[in-house]
Colleague: 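Below you'll find the structure I mean.
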Amino acid sequence: MVYFVERAHGHKSWAFRESLGREEGSGGGSAEPGHVDFQTISSGLEVNLGGGVPGRFVPALPSSGSIAGLLKSDEAPFDDGDGSYFFSDEDGSGTPGDDKGSNPASSFLRARNQARHIAMANQYLPWRYESLTDQEIHNIASAASSYLNLPELFSSSTEVKGFHELALLTLIVLWTGVSWERATGLRIQPMDAKQRSHASLCLITTSARNFWRIRSTFPEYKTQIKVPEESVRPMLEHVLIPDLSGLGDRVLELLKLRGQKPSPKTKVFTHSAKQYRKAFNKLVQDAGESERVTWGRWEKVMFDAITAETGDVVDAVAITGEPHALAQTKCFYYSPNVGDLIDRYVNVTTQLAKEAELPLESNEGSHLIGVEHRKGYVGSRACASKPAVVNAVSDLKARLGATRTYDLWSDFSEYHNVFTFYTVQMLAFATGYRAVKTPLFSLEEINGQLRLTALADKDNEQKRKTRLSYLPDIVLKQLENYERHLKVLEATNDFRLKSQTETEKETCFFLRSADGRDGKLVVSPKTMVRHLDEFLGLPANAHRRFMRTELREADCPADYVNAFMGHASFGEEPWSRYSSLSSRQYRDMMTQYLEPIMEELGFTPVASRLAEGASR
């Protein structure tokens, strides 16, 4: 910590770490648990400078025009409201012997990033270390509600009218979770209106109840694909959530006082974002809160609440429509049901209102949202429906069980290829491995006691991305069946199964037949195209988005789903050395959630007809 503070103040260089001994912060001391208190750190940080005498580093005011002074308040983690920062980047603060001196901007940014890293590493919920408390939420929301209840609104000044809009905007951001920018673009859409609004946030009005229509976030794909509609889930662009806070009526009252009619063209909020931001700062002061309550943190309240409740950041992205760095990859493999999202939103909103002691209308009537809308899905495209997968698996098994002779090489190679594809797909759905070349592995690579194996479907030489995967009993039996099938093939000593380039025994392969050439063909996304078209008509990695969606719909905890998928951000690696995730517990969770899904899909062990004939 001494090392960090001295370089943050420019007394030493960031370029290297001198080995000055244990007492100079060289890493030789014992680690002590703790946390960074962001509300009091600006008054100084107590550190031991050596010799048993504690010292205190007090924040210094940044120089005029420095990068610290130019940063917005919600971007500066140590702003105490008076412009004081924990870090100093004053001119002339270079290290001894350094003619050029330290770069103040570089020093400040490095220090800030390290401080955030320290804070996040020592918090129980690292992604929430900047979240607002329940009391702060209560105070701001209560202050906003008091503005809405001012009498004789439109006989007042322009400033009062502006604060009325800001108060309404503040509550809309709170209860919908959308950004300030999207909230200021709010439009009204009567349910029976002929004209449809394309706004990302829209108030849907009916005679019985109002709803918020939020444009959900979609992954940005580089290519366009054509998928059979009968194989995929119906996709929607928006999520419709109930107006539990009653703000829709407030919006309609505001338009009525202005003499305006609700329509997709009507602009609700008439001021600039800059004016609203200044008004929000005044609202914070009126509520008696510090500048810890910022413009940026306020729009994340609902997002953080959904993430904390569900454990899956992608749920928050899907409901609020706001992208997030931790969900960037996961969004490509998740197609949540809109009905499930609505139920989660109602539960989270009710809980947030209870914890922050805020009034909320009864959640009764959320079922009034159209049944057809609740059956739709948002998020990742090309996510297969469960009936489509069940039918596809049944068709594969029927083809394997069909009575036929294999007098011709082409007939036998077709059976072998379907048998290989069935085995590969069973393993794909059970493990969620990526579309890779030669996906099967030897039975020797499986831990027989835990039924776990290591998958390196996206890794480098350091093997940092290898993950453990649980194999259900039906998958293990199918791998045994396939291995017996290959042993019989090898025993035939057929020259058409030999390959001059083969250096080691292949764990799975297709057989050439249609192009007039004999021999083996490696199993890869490219060589599986024909079988995939006959199976579901979807890309080779369609099983990943299907299984992630199915596991989440079965309420499998998000941490285990991410471990199953191999999705983890820095600091979240489930199989790292110091991870608290137990391999036995992971096995038990997969037994509970994964095996029922595999059974529903109809996957069962299928013995090779070639191996059965050889055994007889």
Side-chain angles (χ1 to χ4, degrees), residues 35-42 71-82 86 112 115-116 119-120 122-148 166-183 244-245 247 273 276-311 313 315-317 319-327 344-345 347-360:
H35 69 280
V36 177
D37 188 344
F38 280 87
Q39 298 190 58
T40 61
I41 196 172
S42 59
L71 286 174
K72 299 174 183 177
S73 60
D74 55 342
E75 293 178 346
F78 301 119
D79 187 358
D80 65 356
D82 296 322
F86 179 68
R112 186 185 69 172
R116 286 179 170 173
M120 295 177 70
N122 288 281
Q123 303 299 317
Y124 179 65
L125 298 175
W127 59 87
R128 294 198 66 194
Y129 79 101
E130 285 187 331
S131 298
L132 301 181
T133 65
D134 295 334
Q135 187 62 53
E136 289 169 333
I137 296 171
H138 170 84
N139 292 344
I140 299 300
S142 298
S145 298
S146 66
Y147 276 120
L148 293 182
L166 177 277
L168 185 57
L169 186 65
T170 299
L171 294 175
I172 290 175
V173 169
L174 170 64
W175 295 117
T176 63
V178 301
S179 65
W180 292 98
E181 181 181 1
R182 298 177 76 181
L244 301 179
S245 59
L247 291 174
Y276 286 131
R277 188 161 187 157
K278 289 182 178 180
F280 180 78
N281 292 336
K282 184 179 184 305
L283 176 66
V284 171
Q285 294 177 2
D286 292 346
E289 287 296 335
S290 70
E291 290 191 9
R292 215 186 78 84
V293 181
T294 64
W295 177 267
R297 289 175 184 168
W298 184 257
E299 67 180 359
K300 298 175 184 176
V301 171
M302 179 60 69
F303 191 101
D304 289 343
I306 297 172
T307 303
E309 177 67 21
T310 67
V313 68
D315 284 335
V317 170
I319 294 173
T320 66
E322 299 300 329
H324 195 279
L326 293 181
R344 288 170 188 168
Y345 169 79
N347 292 336
V348 170
T349 303
T350 305
Q351 184 67 20
L352 177 62
K354 179 179 179 181
E355 293 176 352
E357 298 182 357
L358 296 173
L360 199 67

Colleague: Any idea which heavy atoms bring Thr350 and Leu360 closest together, and the distance?
Modeller: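 Closest pair (atom of Thr350, atom of Leu360, distance): CA-CD2, 4.0 Å.
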Colleague: Using every non-hydrogen atom in the two residues, find where Thr310 and Arg344 come nearest and quote the distance to one decimal.
Modeller: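 Nearest pair, atom of Thr310 first, then Arg344: CG2-CD, 4.2 Å.
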Colleague: Looking only at non-hydrogen atoms, find the nearest pair between Trp298 and Ala141 and report the distance.
Modeller: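 For Trp298 and Ala141, the tightest heavy-atom pair comes out as CH2-N, 4.0 Å.
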Colleague: Apply side-chain contact (heavy atoms from CB on, under 4.5 Å) to Phe303 and Ile319, showing your working.
Modeller: CA-CA 9 Å; Phe303 191 101; Ile319 294 173; over 6 Å; no
Colleague: Please output the side-chain donor-acceptor pairs of residues 351-358 that fall under 3.5 Å, not counting sequence neighbours, one pair per line with the distance.
Modeller:
from	atom 1	to	atom 2	distance (Å)
Gln351	NE2	Glu355	OE2	2.8

Colleague: Measuring from Ile140:CD1 to Leu132:CG, what's the distance to the nearest 0.5 Å?
Modeller: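 Here the interatomic distance stands at 8.0 Å.
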Colleague: For residues Ala144 and Ala167, report the shortest heavy-atom separation together with the two atoms involved.
Modeller: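 Shortest heavy-atom separation between Ala144 and Ala167 comes out as O-CB, 3.2 Å.
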Colleague: Counting C-beta onward and ignoring hydrogens, is there a side-chain heavy-atom pair between Met302 and Val348 closer than 4.5 Å?
Modeller: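 Yes. Closest side-chain heavy atoms under 4.5 Å.
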Colleague: Search all heavy atoms of Ile172 against all heavy atoms of Ala183 and return the closest pair with its distance.
Modeller: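 So the two residues come closest at CG2-CB, 4.4 Å.
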Colleague: Is the shortest side-chain N to carboxylate O distance from Glu322 to Lys300 below 4.0 Å?
Modeller: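 No, Glu322 and Lys300 are not salt-bridged.
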Colleague: Report the distance from atom OG1 of Thr294 to atom CZ of Phe280, rounding to the nearest 0.5 Å.
Modeller: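 Going from OG1 on Thr294 over to CZ on Phe280, the span is 7.0 Å.
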Colleague: Which residues pass the side-chain contact (heavy atoms from CB on, under 4.5 Å) test with Lys282, not counting sequence neighbours?
Modeller: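 Result, side-chain contact (heavy atoms from CB on, under 4.5 Å) vs Lys282: Tyr147, Phe163, Asp286.
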Colleague: Give the minimum heavy-atom separation between Leu148 and Leu171, together with the two atoms involved.
Modeller: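 Minimum heavy-atom contact is CD1-CD1, 3.6 Å.
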Colleague: Can you name the residues that form a salt bridge (Lys or Arg N to Asp or Glu O under 4.0 Å) with Glu299, not counting sequence neighbours?
Modeller: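 With sequence neighbours excluded, Glu299 shows a salt bridge (Lys or Arg N to Asp or Glu O under 4.0 Å) to no residue whatsoever.
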Colleague: Can you name the residues that form a side-chain hydrogen bond (donor to acceptor under 3.5 Å, both in side chains) with Gln285, not counting sequence neighbours?
Modeller: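 Expected list: none.
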Colleague: With sequence neighbours excluded, tell me which residues meet side-chain hydrogen bond (donor to acceptor under 3.5 Å, both in side chains) with Asp134.
Modeller: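 Asp134: no side-chain hydrogen bond (donor to acceptor under 3.5 Å, both in side chains) contacts found.
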Colleague: About how many Å separate CG of Leu244 and OH of Tyr345, when rounded to the nearest 0.5 Å?
Modeller: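 One finds 5.5 Å between OH of Tyr345 and CG of Leu244.
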Colleague: Quick check for you: to the nearest 0.5 Å, what is the distance between Ser131 atom OG and Ile137 atom CD1?
Modeller: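 Here the rounded value is 8.0 Å.
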Colleague: Which word best sums up how the rings of Trp180 and Trp295 line up, parallel for under 30°, tilted for 30 to 60°, or perpendicular for over 60°?
Modeller: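 If you compare the ring of Trp180 with that of Trp295, the planes turn out parallel.
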Colleague: Between CG of Asn347 and CD of Glu309, what distance do you get to the nearest 0.5 Å?
Modeller: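 Atom-to-atom, Asn347:CG and Glu309:CD are 7.0 Å apart.
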Colleague: Please answer whether the main-chain N or O of Glu136 pairs with a side-chain N or O of Arg292 as donor and acceptor at a distance below 3.5 Å.
Modeller: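 The answer is no, because no donor-acceptor pair under 3.5 Å joins these two groups.
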Colleague: Suppose we screen for side-chain hydrogen bond (donor to acceptor under 3.5 Å, both in side chains). Which residues come up paired with Glu289, at least two apart in sequence or across chains?
Modeller: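 By the side-chain hydrogen bond (donor to acceptor under 3.5 Å, both in side chains) rule, Glu289 matches Asn139.
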